[in-house]
Number of protein chains: 2
Amino acid sequence: MTKHRITLKDIAEKLGITVTTVSKALKDYPDISEDTKKKVHALAKKLNYQPDSQAVALRGKGSKTIGLIIPEIVHYFFSSVINGIMNHAESNGYRVLITLSNNRLEMEKKQVNLLFSTKVDGVLVSLTNETKGTKHFDILKEYDIPVVMFDKVDNKFHCNKVTIDDCLGGYNATKHLIDSGCQRIAHIRGPKKPLNSIGRFEGYKKALIEANMVFDPSLVKECTEVVYDEGYQFCKELLKLPKPPDGIFAVTDQVGVGALNALKDAKLNIPEDMKIVGFSDSQIAQVSQPPLTTIHQPGYEIGETAAKLLIEDIELRKKDPNHMFGSKQIVLDTHLIKRGST
Amino acid sequence: MTKHRITLKDIAEKLGITVTTVSKALKDYPDISEDTKKKVHALAKKLNYQPDSQAVALRGKGSKTIGLIIPEIVHYFFSSVINGIMNHAESNGYRVLITLSNNRLEMEKKQVNLLFSTKVDGVLVSLTNETKGTKHFDILKEYDIPVVMFDKVDNKFHCNKVTIDDCLGGYNATKHLIDSGCQRIAHIRGPKKPLNSIGRFEGYKKALIEANMVFDPSLVKECTEVVYDEGYQFCKELLKLPKPPDGIFAVTDQVGVGALNALKDAKLNIPEDMKIVGFSDSQIAQVSQPPLTTIHQPGYEIGETAAKLLIEDIELRKKDPNHMFGSKQIVLDTHLIKRGST
DNA sequence: ATGGATAACGTTAACGTTTTCGTTCACATA
DNA sequence: TATGTGAACGAAAACGTTAACGTTATCCAT
């Protein structure tokens with residue numbers, strides 16, 4: 001019933017030659033006559049021959065597939081990253097096998113093994129918040145499969161990394177508030193686990209100190225889920241302080257818009273009474289009222305760069321078996337996008 | 001340099017038996033002694049043996065991989081769908097190969113061929129807006145690869161489909177405005193190409209007619225890009241009409257929030273002066289001020305259902321070569337989420 | 001003693017492709 | 001005539017796994 005796939009054998013039989021010749025003809029080997037090549041190409045096209053990539057992979061070195069492990073996908077930042085990865089990979093002839101860790105370490109381990117057994121040529125990964133060590137990536141090292149980490153990376157693991165400078169981003173966000181005339185600046189930060197929120201917090205402190213402003217711990221609130229509601233609640237708490245702030249730097253746009261809406265509900269004028277800066281430049285930052293000033297986080301470029309580094313490692317190693325995988329740390333620029341909230 | 005992968009052969013040699021026996025032992029064949037099985041399993045675990053999925057796929061019937069073709073990924077709805085697909089697929093032992101059509105027909109064709117040559121066991125697809133015919137999917141039919149279409153589907157193509165009832169959604173949105181007391185209801189619709197926006201428009205008209213309200217074409221605006229700015233602009237135009245509307249049904253939340261912000265900039269009170277309903281229940285609908293009443297579009301469930309139907313077809317066919325692929329049209333429920341904008 | 005049953009393992013071919021190493025034939029050169 | 005030289009193609013092995021089919025050895029019933 002099921003039609004069988006066209007193979008080299010089919011072409012060979014119809015043309016009265018061997019599979020070898022067909023294979024060579026399709027790959028433009030010099031020891032095949034132009035005449036034969038033309039016939040083979042013509043028939044291959046007519047029959048819509050598609051090479052069996054499993055067979056190719058089994059025979060050859062690479063599978064032309066890279067694996068991706070990502071904490072979640074329903075997220076503006078991550079989907080932008082994936083977009084960057086896929087576009088670069090596909091235009092270089094690589095497929096992308098996406099897997100989810102759902103922010104669970106156990107899942108991350110499983111996915112590493114799965115990708116290994118799928119014989120991917122390389123792995124891109126953004127670690128979960130639970131991940132401490134990296135032993136579960138050792139199998140990739142052992143078998144010389146290049147890895148590139150992005151966004152959430154491990155400092156000790158030896159591989160190429162692509163991140164942004166969260167500290168600098170936090171610094172610029174805070175600096176912008178200072179330059180806009182704010183005297184008391186609050187920070188609604190993320191949890192202590194992922195390095196990102198730590199970096200942003202550090203940047204906040206650095207900007208304050210540099211401007212000779214006091215760092216007041218009561219002006220720092222710490223999210224656990226990093227969602228809209230937390231931004232809303234913490235902002236209300238900040239307003240109840242004896243000396244409320246006149247500027248807020250929020251760890252994400254979600255939190256920032258939450259805070260912004262709390263301010264509007266409290267009948268405060270933005271940016272006159274209070275200024276806000278978010279982080280990421282996600283869609284909601286553009287549509288809030290007023291639109292949210294934010295730090296643009298180049299998701300697409302992060303993905304693109306990570307894919308580029310990975311494929312570079314793969315290709316270089318193919319040419320030179322002694323090529324050592326890179327261990328650069330690429331830090332992409334963020335920049336402030338000034339909007340109505342400041 | 002590069003360590004070689006552990007194969008059945010390695011295990012066999014160390015144990016002084018043949019690959020066949022090892023293979024059978026690992027797969028719990030009855031003609032292998034318990035003793036041997038134990039030894040094989042122990043060594044396999046110790047060496048961290050992982051079967052080569054290319055070889056398995058080459059030999060056997062399936063690759064345990066399903067392909068996905070999606071117009072774009074940076075989109076709340078689509079990433080929700082993907083999430084649903086991946087969770088169902090992975091918990092059933094299937095990998096997901098995601099490809100992008102970027103809403104271009106040419107790309108869609110390429111991806112079909114790519115997935116075919118990758119020998120995926122099945123294909124999930126949401127069509128591009130450019131897609132008219134479906135000849136490029138015939139190759140999958142020809143080779144008995146099941147297809148499930150979701151969201152943007154083709155009526156004539158014979159396969160399982162998962163959609164929502166856009167017409168009913170549009171009807172309910174409009175009905176809600178009518179029930180809330182609106183007398184003149186405008187619609188900011190999407191372009192004429194994808195069926196979705198047609199459906200929503202039909203639902204809008206149906207609700208009007210059913211309520212004995214006149215359908216006034218001047219109250220219908222048509223987006224081309226379906227973005228925030230269009231919602232904003234069209235809303236302003238609607239306000240300039242001699243007899244402006246008192247309710248707006250927007251084809252998406254983006255457009256809806258755009259309209260909402262235009263109203264606020266025009267100092268109108270929402271929902272007193274004007275009510276708005278969006279469509280999709282994306283994140284921005286929750287964080288606008290007031291939050292946007294919208295039609296919840298169950299992205300996750302759509303993905304989950306589509307994956308379920310596809311894997312069902314795959315598995316049934318594996319058991320019974322005469323199994324015919326389904327051609328159900330599953331229409332998932334949408335429901336109205338009432339928020340502050342009405 | 002012969003035949004048959006059973007348990008436990010091995011032989012072999014196959015999946016489709018690639019590549020190394022021949023082979024064949026025609027033709028040119030010494 | 002013998003030798004060399006390309007040009008154009010083919011044979012065979014290999015990648016790792018699986019499953020149909022064979023092969024033993026042992027034991028029991030006739």
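Every heavy atom of this structure was used, including side-chain atoms; hydrogens, water molecules and symmetry mates were not. Given the structure is predicted, the values throughout are model-derived calculations rather than measurements. Sequence lines set the chain letters: A, B, ... in the order given, protein chains first and strands last, and positions in each chain run from 1.
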Residues 117-125 of chain A side chain polar contacts: donor-acceptor under 3.5 Å, at least two apart:
{"unit_1": "A:T118", "atom_1": "OG1", "unit_2": "A:L114", "atom_2": "O", "d": "2.6"}
{"unit_1": "A:K119", "atom_1": "NZ", "unit_2": "B:D52", "atom_2": "OD2", "d": "2.5"}
{"unit_1": "A:D121", "atom_1": "OD1", "unit_2": "A:S63", "atom_2": "N", "d": "2.9"}
{"unit_1": "A:D121", "atom_1": "OD1", "unit_2": "A:S63", "atom_2": "OG", "d": "3.4"}
{"unit_1": "A:D121", "atom_1": "OD2", "unit_2": "A:S63", "atom_2": "N", "d": "3.2"}
{"unit_1": "A:D121", "atom_1": "OD2", "unit_2": "A:K64", "atom_2": "N", "d": "2.7"}

Side chains of A:T21 and A:T36 in contact at under 4.5 Å (non-hydrogen atoms): yes
What is the distance from [atom1] of [X] to [atom2] of [N], rounded to the nearest Å?
X      : N      : atom1 : atom2 : result
B:K119 : C:dC15 : NZ    : P     : 11 Å
A:E13  : D:dG10 : CD    : C1'   : 15 Å
B:I32  : C:dT6  : CD1   : P     : 18 Å
B:R5   : D:dT17 : CZ    : C1'   : 14 Å
B:I17  : D:dT18 : CD1   : P     : 14 Å
A:I11  : D:dG10 : CD1   : P     : 14 Å

Candidates C:dG16, C:dT11, D:dC9 - which lies nearest the side chain of A:L58: C:dG16
Give a yes or no on whether B:K37 atom NZ has more than 12 heavy-atom contacts from other residues, nucleotides or ligands under 6.0 Å away. yes
Taking side chain to side chain donor-acceptor pair (under 3.5 Å) as the definition, give me every residue that meets it alongside B:S101, ordered by chain and number, with sequence neighbours left out. none
Residues at least two apart in sequence or cross-chain that pass side chain to side chain donor-acceptor pair (under 3.5 Å) with A:H323, listed by chain then number, are A:D313
So, taking the atom named CG in B:N113 and the one named CG in A:N48, what distance separates them when rounded to the nearest 0.5 Å? 5.5 Å
So, [X] versus [Y]: side-chain donor-acceptor pair below 3.5 Å or not?
X      : Y      : result
A:D10  : A:Y49  : no
B:T128 : B:T131 : yes
B:E90  : A:T99  : no

Below 4.0 angstrom, which residues in residues 34-42 of chain A have at least one non-hydrogen atom near DNA chain D? A:T36
Each nucleotide in nucleotides 17-24 of chain C should get exactly one letter: B, S or -. Can you fill that in based on protein heavy atoms under 4.0 Å? BBBBB---
B:N83/A:L100 under side-chain contact (heavy atoms from CB on, under 4.5 Å): CA gap, chis, key distance, verdict: CA-CA 9 Å; B:N83 204 18; A:L100 295 178; 3.3 Å; yes
Divergence of helical axes at both termini of the helix from C:dA1-D:dT30 to C:dA30-D:dT1 - five pairs an end, 10° steps: 80°
Please determine if A:K141 forms a cation-pi arrangement with A:F157, meaning its NZ or CZ atom is less than 6.0 Å from the six-membered ring centre and no more than 45° off the ring axis. yes
